[in-house]
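This report concerns only the one structure given below.
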Amino acid sequence: MRLFDTATREVRDFIPLVPGQVSMYVCGATVQAAPHVGHIRSGVAFDVLSRWLRHNGFEVTLVRNVTDIDDKIMAKGEIENRPWWAVAAHYEREFQNAYTILGCTPPTIAPRATGHITQMISLMQDLIERGHAYAAQGDVYFDVRSFADYGKLSGQRIDELLPAGDAGSSSPKKDPRDFALWKSAKLGEPSWPTPWGDGRPGWHIECSAMAKAYLGDAFDIHGGGLDLVFPHHENEVAQSKAAGQAFANFWLHNAWVTTSGEKMSKSLGNSLLVTQVVQRVRPIELRWYLASAHYRSNLEFSDAALSESAVAFGRIENFVTRATEVLGEIELSDLPVDFIDAMNEDLNVPSALAVLHEVVSAGNSLLADGEHGAKLITALSQVRGMLDVLGVDPLNPTWNSSQSDSPQAALALDALVQGQIVARAEAKEQKDFAKADAIRDQLSALGITLQDSAESVRWILEK
RNA sequence: GGUGGAGUGGCCGAGAGGCGAGGCAAGGGAUUGCAAAUCCCUGUACACGGGUUCAAAUCCCGUCUCCACCUCCA
């Protein structure tokens, strides 16, 4: 399998540090607002990666952090008139819900920054001892000039960077590009005791501390959104490597969801909350849409594209449902070679989907011809296998809408619709097409679509 | 100013020297009482200008446009 590594800017062979196991750290959310579609794209992208790794027999340890203390969370607490920790807990839950309804496999652990202050202190002590950090007026800063590789990950040179915004004359920093590992607490701010005084973590330190706590000094993959490359990941890798760790072997970054060509972000006012979008399409359709573009390509979000994508998925789903009605439960078989090749080449999902569509077409032909044998079984099992890798197998219990799908209700509805189907068949028998069409229209008005085929009539409830 | 990415047919979206990925939409056909569902057929697209090559969307040079990061960001 090959993956694009931001650090080397090339697609290269992925070989885990420990055979058979993959350790992965993905930057989750700073829980200061509800998740929008862009946030969840990242969740879906790395979920597809971990599913593919598991499919290939790797045991995956996935750490996805929750940064639950930072300036914005504190500011939000002011606005919402509640403690910072209530804000953090609230939005953490919202993210959790979004990941869940989009079918993301839960991470092995979702550690919180505030639960790892001890590890942060120990890391800072280590950095100070090694001469890569210094305490000043209760703050602790990372000394970027002390670390030769600073800027390597993002291709930045320290002297070419725009001056940092907080580099005022009052700053105790040695260099304006030095960044805060720890910030001394002002009155009324949350704080934790340290050898340098009471304070709270700066951004970046939590990820270094938690990656080490759960994955050790060296691990396979570090992921996140493209905007994290600089400064977040640059600073993280600087801290951890300056502390003597090998840190991440691969750096993976997902691209944006855009609208009108621009990155979706709160400040531009163009963000769409996950909760809003899943009112328009089903969660599985949103996931299909987000997963269907290559993770390193921008995905231009539009209502039209979303709707078309849902229609396209409907065709796949239709095949799965019809074939399953004919075949019942089946065992999964091997995936098509072309699909495997596409996924192994830096998760080329769009190419992989071309294979999926081909198998679906072939499967539909088999159904149309009434061939319900081994070929159809293979087609269905391959299709479901491919969908499963992408996390969009419609038959997976994840997607059962719990409220409406009680078995009794489904049986009752089926009995009623079957009655109408029989009535329509009788009308057709008597060439009373007006009556037959009226029955079909009635059902259609209720969201029930009839699908005729040579030997049977089936119905589906539009969702 | 520094760094990185992108411009592909009506739309979405892969590919990255060689004989038209795929999807959606559209047109035609099969099937149907009519629809729906399904299947088959139909498209010579790669921002622009040069160049290299037997061959370029893919390589080189130049130009234009857009986006992102360098401040919080998935």
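Note that the coordinates shown come from a computational prediction; the quantities given were computed from them, not determined experimentally. Letters A, B, ... mirror the listed sequences (proteins, then strands); counts begin at 1.
- Between N298(A) and rC67(B) there is no side-chain N or O to OP1 or OP2 distance below 4.0 Å.
- Here, rG43(B) and rG20(B) have their P atoms 11 Å apart, quoted to the whole Å.
- Checking the phosphate oxygens (OP1, OP2) of rC39(B), a side-chain nitrogen or oxygen of N364(A) falls inside 4.0 Å.
- Of the listed residues (H90(A), H36(A), H39(A)), just one forms a ring-ring contact (aromatic ring centres under 6.0 Å, His included) with F95(A), and that residue is H39(A).
- A donor-acceptor pair shorter than 3.5 Å cannot be found between the side chains of W256(A) and D227(A).
- For R424(A), the side-chain atoms get nearest to rG33(B) when compared with the rest of rG33(B), rG13(B), rA74(B).
- Distance from the side chain of S365(A) is smallest to rC39(B) among rC39(B), rA36(B), rG33(B).
- With both ends at atom P, the span from rC39(B) to rU63(B) equals 49 Å, rounded to whole Å.
- Rounded to whole Å, the P atom of rG17(B) lies 29 Å from the corresponding atom of rC24(B).
- In this structure, K431(A) reaches neither bases nor backbone, as no heavy-atom distance under 4.0 Å exists between it and the strands shown.
- Contact annotation: S351(A) does not reach the phosphate of rG22(B) (side-chain N/O to OP1 or OP2, under 4.0 Å).
- Closest to the side chain of E160(A), out of rU38(B), rG33(B), rG1(B), is rG1(B).
- At a cut-off of 3.5 angstrom, the base of rA35(B) holds at least one donor-acceptor pair with the side chain of D452(A).
- For A312(A), the side-chain atoms get nearest to rC24(B) when compared with the rest of rA74(B), rC24(B), rA14(B).
- OP1 or OP2 of rC39(B) lies within a sub-4.0 Å distance of a side-chain N or O belonging to S361(A).
- An OP1 or OP2 oxygen of rC69(B) is reached within less than 4.0 angstrom by a side-chain nitrogen or oxygen of K263(A).
- When the C1' atom is compared between rG29(B) and rA21(B), the two are found 25 Å apart, to the nearest whole Å.
- Looking at R458(A) and D452(A), no side-chain N of the basic residue comes within less than 4.0 Å of a carboxylate O on the acidic one, giving no salt bridge.
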message = Show, in sequence, the C-alpha distance, side-chain angles and deciding distance for D178(A) and F142(A), and conclude whether the side chain to side chain contact (heavy atoms under 4.5 Å, CB included) test is met.
response = CA-CA 5 Å; D178(A) 289 352; F142(A) 185 87; 5.9 Å; no
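- With P as the reference atom, rC19(B) and rA57(B) are 11 Å apart, rounded to whole Å.
- The side chain of R157(A) places an N or O atom within less than 4.0 Å of a non-bridging phosphate oxygen (OP1 or OP2) of rU3(B).
- The listed nucleotides are rU38(B), rG4(B), rA74(B); the one nearest the side chain of A368(A) is rU38(B).
- When every heavy atom of V229(A) is checked against every heavy atom of S154(A), the shortest pair comes out as CG1-CB, 3.7 Å.
- Within the 4.0 angstrom heavy-atom criterion, base atoms lie near H39(A).
- Of the listed nucleotides (rG2(B), rC70(B), rU38(B)), rG2(B) has the atom at the smallest distance from the side chain of Q156(A).
- Atom P of rA56(B) sits at a distance of 15 Å from the matching atom of rC48(B), rounded to the whole Å.
- Among the nucleotides rG22(B), rC69(B), rC70(B), the one closest to any side-chain atom of E358(A) is rG22(B).
- Of all nucleotides listed (rC70(B), rG13(B), rA74(B)), rG13(B) comes nearest to the side chain of L299(A).
- Here R315(A) reaches the OP1 or OP2 of rC39(B): one of its side-chain N or O atoms lies under 4.0 Å away.
- Nucleotides rC46(B) and rA26(B) are separated by 24 Å at their P atoms, to the nearest Å.
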